[in-house]
Protein chains: 2
Amino acid sequence: MDVARSEVLVIGTSVACRSCQARHGVVCGALSAGQLSELGRHSLRRKVDAGCEIIAQGSENSFYSNITRGVVKLCKVMSDGRQQIVGLQFAPDFVGRPFVRESTLSAEAATDAEICVFPRNLLERMILETRELQRSLHAQALNELDAAREWMLTLGRRTAEEKVASLLHLIAAHAETATSTAFDLPLSRAEIADFLGLTIETVSRQLTRLRKEGVIRIENIRHITVPDMDALAKKISG
Amino acid sequence: MDVARSEVLVIGTSVACRSCQARHGVVCGALSAGQLSELGRHSLRRKVDAGCEIIAQGSENSFYSNITRGVVKLCKVMSDGRQQIVGLQFAPDFVGRPFVRESTLSAEAATDAEICVFPRNLLERMILETRELQRSLHAQALNELDAAREWMLTLGRRTAEEKVASLLHLIAAHAETATSTAFDLPLSRAEIADFLGLTIETVSRQLTRLRKEGVIRIENIRHITVPDMDALAKKISG
DNA sequence: CGACCACTTGATCATGCTCAACTAGCGTGG
DNA sequence: CCACGCTAGTTGAGCATGATCAAGTGGTCG
């Protein structure tokens, strides 16, 4: 994805914060008005194309960010090229691992996205100063831990069909537009494979299988409709 | 494991704390002398036999604990019986998920163990009061998250041989007795299988395979020697 | 129109699962 | 003290799920 690029849009200000997706999210929701405006003065809005790397595995953590639009995948790669997606983050999640110098994973935009970038030192100072921010980040870490463990069960013990159904269920839960359950896949087949510990061929076969069984409709390559959520849920044993 | 039982030993006191494995661990290391003695007055030492469940999946969290001796496995089971170990905790780790009412996983002693049990309300109050305790638990959560993600890579992308080698490596790292690298497996073959997302037969075959290749020696069913740690590490691509 | 890319589909292969027999260790009771 | 049963682990034979390799499809962009 060498066409992928990122672009600095505007210097964040408290004015920009008012209409921000992440205004009441994990980080910004925990700050006082004064802190929010200080953080805003030192933040940058970045527009990030799908496929663009935000943090490289093994690189130094020199900033943190909020996702303000789009989906970000957290990824681990092995020296021989095998890779595994170990987390998906949706707006308005926080991305980064405070107080650790080197990142053990990469973060990459799965869809076109926008992030709000904070300087490392400022955010770390605020975490130390702000009880509520500390608590809030702790809570997000625990939620991510639960999600990671749920996914370990999927990776270790579910069949290919159950894995694919689990992913669709997960994405539907985040897309949830009231009644209808139609959504865009934020991931390509290759990325789905990397998330589920499968190959792209198996993912493709399981998707067509779910389609033939009438559990999903594949409107087009990236758009799925689930006529009956319960039928999908039934594909996920346990 | 219906022989497994747990037994309350003594009411913890600050006297007992002085020689405790977990005295400078995640929880107790973050407390003031006064808090430590208050927590001690309300804590119970419990001796827990291998196989005994400490927290049941789906149960209410009514207490937290420190592991003061032994190894605890965190486990998820599906309604059809398939199960996956999603974490191993060693003394002096903290066990429990603060501020969440229902446990999404079970905790079970893998070896004979001892834990120090804290009442829920007291510990939660101390977390709210104590900046350093909050920070310390946050740090443990982030470490567990890293470990979980590392394990996701193993579950999703490594071969059976690599998986078994990874587990031996993990256990060796925790047993590390200076020079020699000999250790007791805290897990049965069935538990290893549940940790690695394999069957016990595959685990057994891979262990004999590693033995035949000279990478490990199986002194007896639970005791392993690794003559050359590097040779073991080479089995883990990545 | 053609090249390219992401995806699908098919045929064959192999890793790891299933089912089954066998072994070793260990505690219990005759 | 040995026979017995029980548990945990090992080993083998055959099978199936999902991987690999390869060809084909469809949409997009120049």
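Letters A, B, ... are given to chains in the order of the sequence lines, protein chains preceding strands, and every chain is numbered from 1.
Separating the CZ atom in A:R45 from the OG1 atom in A:T68 is a distance of 4.5 Å, to the nearest 0.5 Å.
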Practice task
Evaluate the side chain to side chain contact (heavy atoms under 4.5 Å, CB included) criterion for residues A:L185 and A:I192: first the C-alpha distance (whole Å), next the side-chain angles of each, then the deciding distance (0.1 Å), finally the verdict.
Solution key: CA-CA 9 Å; A:L185 288 176; A:I192 294 174; 4.1 Å; yes
Exercise for the section: Could you check A:K73 against A:E108 for salt bridge (Lys or Arg N to Asp or Glu O under 4.0 Å), going step by step and ending with a plain yes or no? Expected result: CA-CA 5 Å; A:K73 57 179 184 173; A:E108 187 174 312; 3.4 Å; yes
Fill in the blank from the handout: For nucleotides 13-18 of chain C, 5' to 3', base contacts (B), sugar-phosphate-only contacts (S) and non-contacts (-) with protein non-hydrogen atoms under 4.0 Å give ---SSB
Practice task
Quick one, give me the B/S/- string for nucleotides 24-30 of chain D, reading 5' to 3', where B means a protein heavy atom under 4.0 Å from the base and S means that only happens at the primed atoms, P, OP1 or OP2.
Solution key: -------
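Using the six-membered ring where Trp is involved, A:H174 and A:F90 have ring planes that are parallel, under 30° apart on the 30 and 60° scheme. Aromatic ring orientation, B:F195 versus B:W151: parallel (interplanar angle below 30°, classes split at 30° and 60°).
What separates CG of A:L185 from C1' of C:dC7 is a distance of 13 Å, to the nearest Å. Counting to the nearest Å, the C1' atom of C:dT8 and the CD1 atom of A:I200 are 9 Å from each other. Between B:I218 atom CD1 and C:dT23 atom C1' there is a gap of 15 Å when expressed in whole angstrom units. B:H223 has its NE2 atom 19 Å from the C1' atom of C:dA24, to the nearest Å.
Side-chain N or O atoms of B:D228 include one that pairs as donor or acceptor with a backbone N or O of B:D230 at under 3.5 Å. Here the side chain of B:R222 pairs no donor or acceptor atom with the backbone of B:F183 at under 3.5 angstrom.
Closest to the A:R211 side chain, of the nucleotides C:dT8, D:dT10, C:dT9, is C:dT9.
Of the side-chain N and O atoms in A:S204, none sit less than 4.0 angstrom from OP1 or OP2 of C:dT9.
Here the rule is side-chain hydrogen bond (donor to acceptor under 3.5 Å, both in side chains) with B:K235, and of B:H169, B:E162, B:E213 only B:E213 fits it.
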